[in-house]
Amino acid sequence: MTSQRISQLVKEMTLEEKAAQLLQLAATFYEDGDGQITGPMESLGIGETEVNYAGSVLGISDPEKIIQIQQAYLARNRLGIPLLFMADIIHGFKTIFPIPLAMGSSWDLELAERSAEVAAREAAVSGLHVTFAPMADLVRDPRWGRVMESTGEDPYLNALFARAMVRGFQGEDLTHEVDRVAACVKHFAAYGLAEGGRDYNTVDLSERSLREYYLPAYKAALEEGCEMVMTSFNTIDSIPASGNRKLMRDLLRGEWGFDGVLISDWGAIGELIPHGVAEDEREAALKAVIAGVDIEMMTPAYVHHIPQLVAEGLVDEALVDEAVTRILELKEKLGLFDNPLRGADPEAAREVVYCDEHRRIAQELAAKSCVLLKNEGILPLRREQKIAVIGPFAQSGDILGSWSWAGSRETAVQLGTAMQKLAGADQIALAEGSDIMSISEQQLQQAQAAAQEADVIVLALGEASAMSGEASSRSDIQLPKAQLELIQGMKRLGKPLAVVLFNGRPLDLHGVIDQADAVLEAWFPGSEGGAAIADLLYGGVNPSGKLTMSFPYAVGQVPVYYNHYNTGRPKPAEDTDGQYVSKYLDIPNAPLLPFGYGLSYTTFEYGSLELSSEKMTSEAAIKVSIEVRNIGEVTGIETVQLYVRDISGEVVRPMKELRDFRKIELAPGETAQVVFELGEEQLRYYHSDLSFTSDAGKFEVFVGPNSRDTRQAGFHLVK
């Protein structure tokens with residue numbers, strides 16, 4: 001219920017003040033010194049009045065500056081309404097955690113929540129109120145640069161991570177927990193399905209598929225109490241999201257009951273014009289406000305046109321009041337009317353931000369996010385071995401990844417330095433070997449010299465951070481040719497070769513996995529990445545990460561994902577010569593590495609799969625159990641995964657769907673009985689009439705270390 005204070009404020013506001021409250025401006029509109037207004041007002045077509053009454057600001061990280069801006073703003077604001085300060089705190093504030101795709105590979109919900117809590121604490125003490133996270137977009141196309149912001153290709157797992165991140169950012173009481181921030185789930189909706197993997201591109205899918213795969217993670221974030229939603233840049237059913245009334249007002253607000261703040265992405269309302277659904281800025285404002293978008297980020301359509309649209313009777317002022325009320329209610333929930341500076345504290349920030357405890361958590365999550373893709377017995381390294389660490393990431397601070405704008409590459413722990421600290425400087429020789437995109441004869445000679453006395457060569461390779469993230473789509477997702485040449489040059493030396501990969505997307509690993517004796521996928525691991533990887537390479541930590549996106553055999557397969565449909569002409573596994581079946585002539589159908597895949601320094605043996613019953617009813621779940629034994633020589637963590645398949649659905653069902661998982665730690669020789677409870681509600685899906693229910697009939701259940709290598713059993717659902 002709206003408080004009396006908010007209701008009274010809305011009554012006292014002029015229509016122009018209301019329109020300005022819906023405007024969000026970037027930090028460039030405010031000076032460093034005394035909070036006076038400056039910046040590109042002319043290019044945006046606004047003046048001091050609009051800036052004086054704009055409701056929110058994005059992209060500031062300095063607490064002293066935020067305090068100055070807030071105080072100056074309140075001195076000018078007629079009704080004393082405070083500003084909201086927002087920022088993209090995606091995987092850490094100053095302490096940078098692994099990118100979300102890496103975080104997903106940890107399968108560690110508790111640690112992911114802890115990382116969001118740390119990010120919130122650092123952001124809040126720096127004066128921020130809202131983070132534009134989590135990104136809950138399901139992604140199946142590694143060409144898309146923003147893959148790095150997603151936790152992967154599975155709707156169930158994405159939903160769990162979305163919930164965890166919201167809990168971490170927001171805590172239990174935003175009003176009184178001033179070390180938390182409001183979360184904003186994005187990008188609503190289905191942004192990860194952009195055609196061709198090209199950012200900002202068209203999305204076209206059925207409503208059934210939208211609900212089945214792309215909406216669950218957003219909905220999970222909202223069920224967890226997420227305060228805000230951000231619109232996506234793409235179209236849904238040929239209507240851009242920021243002007244899509246059916247999506248925003250009918251589904252999000254009506255069907256789901258979301259009454260929080262809806263914000264456009266940067267410039268998205270103005271982009272209704274080039275999309276071709278608005279003739280001009282005036283029509284864009286009309287369509288966006290009717291669709292239910294509350295805050296317009298960095299375009300002035302609302303402040304330019306809402307007062308006139310109301311005067312002409314094209315927009316009911318009640319719609320404007322609703323939007324303003326939602327924004328003011330969030331400010332009230334954050335306690336800003338009573339404490340407009342909230343948690344901003346420059347002195348405390350110097351103690352909290354990038355502190356040792358936060359860095360320790362970042363290192364732990366980085367280690368758990370790395371995925372061992374191959375190991376032919378050369379890892380872990382031994383400290384008495386001579387190691388040559390070679391490659392553009394041997395001594396690079398560019399390991400934070402995209403959306404780490406408040407982090408520092410200069411203080412990021414570099415791999416070579418961390419390995420020297422562990423094994424001793426005399427044991428580690430360093431060489432650049434190549435740049436990201438180029439290689440010289442001199443670099444190759446220096447690499448060969450460094451490797452001359454080495455027992456093992458460690459190649460630190462990958463993408464520059466700018467090669468993934470927003471507006472960083474790639475059609476060729478192999479390593480750059482220069483680095484493939486470096487691998488070949490080092491391979492010719494005949495020494496054991498381990499590759500560590502730094503990247504923001506699944507790669508085509510040809511020229512890497514077939515040449516190296518070991519491959520460790522490190523992603524962009526964050527501030528403590530070098531220390532985490534060094535620990536893994538030397539066996540201080542046993543790799544436990546599992547992929548949450550399939551690695552394609554070739555880019556021509558894309559999109560390739562585990563929870564795909566069958567066809568009427570599936571290729572029999574034993575038939576490689578059949579012609580009229582669904583296959584490629586030159587590559588296999590299956591990805592190179594499947595969803596859920598990841599190795600360890602030990603070996604886990606799976607026993608037979610046992611079901612408590614071959615019949616399930618709506619009232620009676622079945623228990624699915626399996627023995628897992630560590631038959632190796634070191635303690636390890638295994639993520640045991642459970643999948644189901646509906647054999648005969650009302651519509652075609654995926655070959656496998658993740659429904660549960662357990663993380664277990666086993667000492668050498670230890671056995672664990674892993675038991676899952678599988679109920680009827682886990683078998684439901686969207687039917688052709690959009691009803692969400694299950695089918696009576698036969699099901700298969702699979703349990704294993706990944707989506708490919710599983711034990712299998714069957715049961716019937718009786719209704």
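Worth saying up front: this structure is predicted, and the values here are computed from it rather than measured. Residues: numbered from 1 along the sequence shown.
Between Ile263 and Cys184, the shortest heavy-atom distance links the atoms CG2-SG, 3.9 Å. Closest non-hydrogen pair, Thr231 versus Ser264, comes out as OG1-CA, 3.2 Å. Between Met165 and Pro134 the shortest heavy-atom distance is CB-CB, 3.9 Å. The two residues Ser465 and Gly401 make their nearest non-hydrogen contact at CB-CA, 3.9 Å. Summarising the geometry of Ile89 relative to Ala119, their closest heavy-atom pair is CG2-CB, 3.9 Å, with the distance given to 0.1 Å. Minimum heavy-atom separation, Ala123 to Val181: CB-CG1, 4.3 Å.
Side chains of Val310 and Lys18 form no contact here, defined as non-hydrogen atoms less than 4.5 Å apart. Put simply, the side chain of Leu252 does not reach to within 4.5 Å of the side chain of Leu247, judged on heavy atoms. Within the 4.5 Å cutoff, side-chain heavy atoms of Met13 are placed close to those of Leu328. Side-chain contact between Arg208 and Leu690 is present, with heavy atoms from C-beta onward closer than 4.5 Å. Proximity of Val203 to Glu195: side-chain heavy atoms (C-beta onward) are nowhere separated by under 4.5 Å. Residues Val139 and Arg505 are not in side-chain contact: their nearest non-hydrogen atoms beyond the backbone lie 4.5 Å or more apart. Contact check for Leu101 versus Val147: side-chain heavy atoms found under the 4.5 Å cut-off. Looking only at side-chain heavy atoms (C-beta outward), Arg140 and Asn563 come within less than 4.5 Å of each other.
If you take CG on Leu44 and CG on Leu25, they are separated by 6.5 Å, rounding to the nearest 0.5 Å. To the nearest 0.5 Å, atoms CE (Met230) and CD1 (Ile295) are separated by 9.5 Å. Here the CE atom belonging to Met103 is positioned 12.0 Å from the CD atom belonging to Glu113, to the nearest 0.5 angstrom. Distance check: Leu22 CG to Ile327 CD1 gives 4.5 Å after rounding to the nearest 0.5 Å. From Glu317, atom CD reaches atom CD1 of Ile306 across 10.0 Å, with rounding to the nearest 0.5 Å. In this structure, CE in Met148 is found 8.5 Å from CE in Met135, a value given to the nearest 0.5 Å.
Between the side chain of Thr175 and the backbone N or O of Leu334, no donor-acceptor pair lies under 3.5 Å. A distance-only check finds no donor-acceptor pair linking the side chain of Asp199 to the backbone of Trp144 [under 3.5 Å]. Remark: side-chain polar atoms of Asp265 are not paired, donor with acceptor, to backbone N or O of Ala268 under 3.5 angstrom. With hydrogens and angles ignored, the 3.5 Å screen pairs a side-chain donor or acceptor of Tyr53 with a backbone N or O of Arg78. Ser527 contributes a side-chain N or O that, together with a main-chain N or O of Ile96, makes up a donor-acceptor pair within less than 3.5 Å. At distances below 3.5 Å, at least one donor-acceptor pair connects side-chain atoms of Ser369 with backbone N or O atoms of Ala102. Of the possible donor and acceptor atoms, one in the side chain of Asn52 sits under 3.5 Å from a partner among the backbone N and O of Glu48. In this structure a side-chain-to-backbone donor-acceptor pair under 3.5 Å is missing from Ser242 to Ile269. Judged purely by atom type and a 3.5 angstrom limit, Gln170 has no side-chain atom pairing as donor or acceptor with the backbone of Val166. A donor-acceptor distance shorter than 3.5 angstrom exists from the side chain of His687 to the backbone of Tyr685, with no hydrogens or angles considered.
Ionic pairing of Arg143 and Asp141 is present here: one or more N-O contacts between side-chain nitrogen and carboxylate oxygen are shorter than 4.0 angstrom. Ion pairing between a basic and an acidic side chain is recognised when a charged N comes within 4.0 Å of a carboxylate O; Glu322 and Arg249 show such pairing.
Using modelled atom types and a 3.5 Å distance limit, the side chains of Glu12 and Gln8 yield a donor-acceptor pair. A donor atom on one side chain and an acceptor atom on the other are not found under 3.5 Å apart for Tyr302 and His304.
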Walk me through whether Ile81 and Leu336 qualify under side chain to side chain contact (heavy atoms under 4.5 Å, CB included). CA-CA 9 Å; Ile81 300 172; Leu336 295 178; over 6 Å; no
Verdict with supporting geometry, Ile90 and Lys186, side chain to side chain contact (heavy atoms under 4.5 Å, CB included): CA-CA 11 Å; Ile90 308 303; Lys186 62 183 186 183; 3.5 Å; yes
Quick one: do Arg211 and Glu207 satisfy salt bridge (Lys or Arg N to Asp or Glu O under 4.0 Å)? Show the steps, please. CA-CA 6 Å; Arg211 289 176 178 271; Glu207 184 174 353; 3.0 Å; yes
Stepwise side chain to side chain contact (heavy atoms under 4.5 Å, CB included) check, Met297 with Phe132: CA-CA 12 Å; Met297 185 193 295; Phe132 299 132; 3.8 Å; yes
Show your reasoning for whether side chain to side chain contact (heavy atoms under 4.5 Å, CB included) applies to His91 and Ile99. CA-CA 6 Å; His91 53 112; Ile99 58 173; 3.7 Å; yes
List the steps, then state whether salt bridge (Lys or Arg N to Asp or Glu O under 4.0 Å) holds for Glu110 with Arg114. CA-CA 6 Å; Glu110 184 178 340; Arg114 188 82 173 96; over 6 Å; no
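Under the 30°/60° scheme for interplanar angles, the aromatic rings of Trp405 and Phe93 are found to stand perpendicular.
Glu312 CD: more than 12 foreign heavy atoms inside a 6.0 Å radius. Other residues, nucleotides and ligands contribute more than 12 heavy atoms inside 6.0 Å of the CD atom of Glu255.
Here side-chain hydrogen bond (donor to acceptor under 3.5 Å, both in side chains) pairs that include residues 120-138, with residues two or more places apart or in two chains, are Thr95-Glu122, Glu117-Arg121, Arg121-His358, Glu122-His358, Asp137-His187, Asp137-Tyr218. Judged as a ring-ring contact (aromatic ring centres under 6.0 Å, His included), not a single pair has a partner in residues 159-182 (not counting sequence neighbours). The stretch residues 336-348 participates, sequence neighbours left out, in these side-chain hydrogen bond (donor to acceptor under 3.5 Å, both in side chains) pairs: Arg5-Asp338.
The ring pair (Phe, Tyr, Trp, His ring centres under 6.0 Å) with Phe188 is formed by just one residue from the set Phe233, Trp256, Phe258; it is Trp256.
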